[in-house]
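Since the structure comes first, as structure tokens, the remarks are kept for the end.
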Amino acid sequence: MHKFTSAMVAILAMALCGVTAAAQTANPRPSPLLQRSPIRIAAPDPALKAAFDAASRGGLNDLALAGFSSQPLAAWLEYASLRKQLDSLPLVRGNAFLAAHKGEAVGDAFRNEWLNAIAKRNEWPTFLNLWDASIDDAGLRCQRLTALAASNRIDKTWTNDAQALWRSSGKSLPGSCDAPFALLAARGELSDALRWQRFDLAVSDAQPAVMRSIARGLPAADAAQANAYAAFFDKPDAAVDTWPKTPRSRLVASMALARLAKSAPDRAEALLPSAAKTLAFGEPDNGRVLAQIALWTVASYLPESARRLAAVPESAFDDNLREWRVREALTRSDWPAALAAIRKMPDAQRNDSRWLYFAARTSELGGDSASAKALYAQAARKTDFYGFLAADRLNQPYALCPWQLDASAAAKAIVARSPAMVRALQLYMLDRKGWAVREWNDALSGFTDEQRRLAVEVAQDNGWFDRGVFALVNVGGKRYPDEQRLYQLRFPLHHEASIRREATRNHLDPAWVAAEIRAESVFDSNARSAADARGLMQVLPGTGASVAAKLGQAWGGGDSLFDADTNITLGSAYLRQLMDRYGGKPYQVIAGYNAGPAPLNRWVSQRPDIDPDLWIETIGYKETREYVARVLSFSTVYDWRLNGDALRLSDRLLGITTGPRKGFECPVPDAVKTAAPPTVSPPANKPQKRR
């Protein structure tokens, strides 16, 4: 783990380096930012890992469990054991465990599994006794309706609950809902109106199988029409001339054609006029289809993009299509059209740093330097990819207003002593991440906002770095924008020596390597993706083996990628290989690292001469487009963390690592600007460049 200075905390001044760009030179280490000493949570008993593995294979006997009864994770070990025996577990035993841990994370985890198990046994009285009104799982809610029916407890509330579940989704519901829905119908309380209500939800969710299922309960004539609607979803070239000219018919036809447009925009465009005329489409119906035709045309940069965008009524544009209207114009170098498209965005979207920057860029390319400068100045106040690019255009310092927690060491210790925190961190150390998150959320439910932030610091003290991503800024549906300034928590730094060593060996910027790790795994050396990418830099085993062979390094198999040093060595060497393959252009290498070689080669061939910032914005994949911007932005922040200043982002894009470096400045609101703003201190224990 990265070692921090042991000292009491001090508030980091919201200040600025306020310096001009200067050539990189060696210089002494700055005075450190004061920071609380790390608090280490006691590691779990070494025997616990073996015990959990044994429990997961087939359970542990009571004697074995008793040997761990004094451990913080004793309840989770028992849970791991009991869940392997649910089908035969005595009711008394299961109920006793649930009662003993009621209101705890482990109890909540066990409750749903136990309720499902006893439902399979038709133990309905026990099921109802254990029911908790907070349960929102649709399958269990349907099981409860079955339990009530089996107990002769059907009343108006039962009917209302069953009807609410019926109306809850247009998608397929769990099989446990079949019985209560059948009973609802048998009682005459599933009316045709209710069936059509859910049918319309299924249309909106594009679920033809659910539409057919609902049709089976309708009268013959209605069922025939409902099945015709479902058939049109599967094959939208069927005739619609026999359909009633109703809002439902128009919704079905327009939704089905919009769905077709995703894979076959030309076919959808060819079918639209006939359906629109026959069913008397209004603007919303036409717009729904035209918007999807345009979107899936422009996203592939097909020749008809501009025409199809122009055909979409303005009322049918959403934020996504508005953005694509800009990108389409950018690919044609039509700067006035791109700027006009940005100006048509709603205020909130137009004032995002991305579109402030491109409004400035297109104004500049169109010859309006005064407007461009004013727009760049607005964008440059943001600490992100577009803000950094805008600052480069103005040759001014980057915006950064770091905030460091100022609570006492005693307050941090209180958080660290929380039993739920201890359990969360010990579970994380045992690589039981799902359970660890349950305990984490349980701990946070009782914390203040200050304690939540301290909990992130404690988690990172113990190697759980992604809490700085998942427990700050956007938490539980609430936004805390000031927490974006907690850069030392949001951008953790670990394995620094390995990062610097391998970056130097491969002629890479160490800030870029750190940024890739932050983007790929948030410094979780045990991370593993659905595609089997592993470790800090999410290297695929096949890639790791190939790179190791080229390096002449012994290959220890896929699991060796979970070793941090091995992963950084092979991941950095792979970045170097990509740099050599793609002409030393990091922005293209980053795109290829995320999307793979085939899409990258296509994008390079489609737009070979476009400027880097425009090339990034016109990447066809949303995930990759945002990934490239994110990694480059992260690189600038990590440069600050590593060195106290940063390479110009516009140089970093081009693979230039020895260019001028820039300081950071905290923008001062216009109303309180002073002639000499304060300076931002560099992060703790990092060398600062002389100027």
Side-chain angles (χ1 to χ4, degrees), residues 204 206 232-238 240 250-277 279 281-346 349 354-355 358 362 591 595-596 598-610 614-626 628:
S204 297
F232 191 79
F233 254 91
D234 287 333
K235 192 176 182 181
D237 57 357
V240 298
R250 289 188 282 273
L251 176 67
V252 170
S254 62
M255 288 293 297
L257 289 172
R259 183 187 188 213
L260 174 65
K262 295 181 180 180
S263 58
D266 292 351
R267 183 64 180 154
E269 185 178 53
L271 292 171
L272 176 60
S274 175
K277 181 178 180 181
L279 297 175
F281 275 14
E283 182 175 294
D285 309 303
N286 273 308
R288 181 178 295 119
V289 184
L290 290 169
Q292 291 302 307
I293 291 170
L295 176 63
W296 294 97
T297 300
V298 70
S300 299
Y301 297 110
L302 298 177
E304 295 295 319
S305 295
R307 178 184 65 78
R308 287 176 174 171
L309 276 169
V312 180
E314 201 63 35
S315 61
F317 274 82
D318 60 10
D319 286 354
N320 188 34
L321 192 57
R322 291 186 190 97
E323 292 185 356
W324 275 108
R325 181 161 54 185
V326 180
R327 295 186 189 105
E328 189 279 331
L330 292 176
T331 61
R332 292 186 289 106
S333 301
D334 189 340
W335 316 129
L339 183 58
I342 294 171
R343 287 172 174 167
K344 288 181 180 178
M345 291 176 169
Q349 186 178 19
R354 179 198 303 257
W355 301 116
F358 282 108
T362 51
L600 175 59
N601 291 335
R602 182 172 69 251
W603 298 328
V604 170
S605 65
Q606 286 174 338
R607 304 185 305 285
D609 300 319
I610 194 170
L614 304 179
W615 190 91
I616 293 166
E617 187 55 40
T618 53
I619 289 173
Y621 295 173
K622 179 178 187 291
E623 177 188 336
T624 303
R625 183 168 61 248
E626 295 184 350
V628 175

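Because the structure is predicted, anything quoted here is derived from the model rather than measured.
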Closest non-hydrogen atoms of Ala256 and Pro236, given as atom of the first, atom of the second and distance, are O-CG, 4.1 Å

| Quick one: does Glu617's side chain get under 4.5 Å of Arg625's, heavy atoms only? | yes

Residue pairs meeting side-chain hydrogen bond (donor to acceptor under 3.5 Å, both in side chains), one or both in residues 297-306, sequence neighbours left out, come to Thr297-Arg308, Glu304-Arg307

Ser605 (side chain) donor-acceptor with Arg602 (main chain) under 3.5 angstrom: yes

Looking at Glu623, I'd like to know if its CD atom is crowded, meaning that more than 12 non-hydrogen atoms belonging to other residues, nucleotides or ligands lie closer than 6.0 Å.
no

On a heavy-atom basis, the closest approach of Gly596 and Pro599 is O-CD, 3.5 Å

In terms of side-chain heavy atoms, does Trp296 have a donor or acceptor partner in Gln292 at a distance below 3.5 Å?
-> yes

Heavy-atom closest pair (Ala595 atom, Trp603 atom, distance to 0.1 Å) is CB-CH2, 3.7 Å

Is any side-chain heavy atom of Thr362 closer than 4.5 Å to one of Pro336? no

Next on the checklist: What I'd like to find out is whether the side chain of Asp319 reaches to under 4.5 Å of the side chain of Pro346, using heavy atoms alone.
Outcome noted: yes

| Mind checking whether Phe358 and Leu339 have side chains closer than 4.5 Å, heavy atoms only? | no

Sequence neighbours excluded, the answer for ring-ring contact (aromatic ring centres under 6.0 Å, His included) partners of Phe232 is Trp243

Between the CG atom in Asp234 and the CG atom in Leu260, the distance rounded to the nearest 0.5 Å is 11.5 Å

Value for CD1 (Ile293) from CG (Leu272), rounded to nearest 0.5 Å, stands at 5.5 Å

Is there a side-chain contact (heavy atoms from CB on, under 4.5 Å) between Val240 and Val252 once you walk through the steps?
CA-CA 10 Å; Val240 298; Val252 170; over 6 Å; no

**Item:** Student check: side-chain heavy atoms of Leu271 and Val289 closer than 4.5 Å
**Value:** no

message: Do Asp237 and Arg267 make a side-chain contact, defined as non-hydrogen atoms from C-beta onward lying under 4.5 Å apart?
response: yes

d(Tyr621 OH, Glu626 CD) to nearest 0.5 Å is 15.0 Å

Heavy-atom nearest pair, Ser254 first then Asp285, reads CB-O, 3.6 Å

Review point. Side chains of Thr331 and Arg607: do they bring a donor and an acceptor to under 3.5 Å?
Key: no

Applying side-chain contact (heavy atoms from CB on, under 4.5 Å) to Pro313 and not counting sequence neighbours gives Glu283, Leu290, Ser315, Ala316

| message | Check whether Phe317 forms a cation-pi arrangement with Arg325 (NZ or CZ under 6.0 Å from the six-membered ring centre, at most 45° off the ring normal). | response | yes

Distance col, row Arg354:CZ vs Gln349:CD, nearest 0.5 angstrom, shows 9.5 Å

When rounded to the nearest 0.5 Å, the distance separating CD1 of Ile610 from CD1 of Ile616 is 10.5 Å

Nearest heavy-atom contact between Pro273 and Ala270 is CD-O, 3.5 Å

- Task: For Arg288 and Leu251, run side-chain contact (heavy atoms from CB on, under 4.5 Å): C-alpha distance rounded to whole Å, both residues' side-chain angles, the deciding distance at 0.1 Å, then the answer.
- Result: CA-CA 9 Å; Arg288 181 178 295 119; Leu251 176 67; 4.0 Å; yes

Heavy atoms of Met255 and Ser204 approach each other most closely as CE-O, 3.3 Å

Looking at Arg250 and Phe281, would you say the former's side chain and the latter's main chain have a donor-acceptor pair under 3.5 Å? no

CH2 of Trp355 to CE of Met345, rounded to nearest 0.5 Å, is 4.5 Å

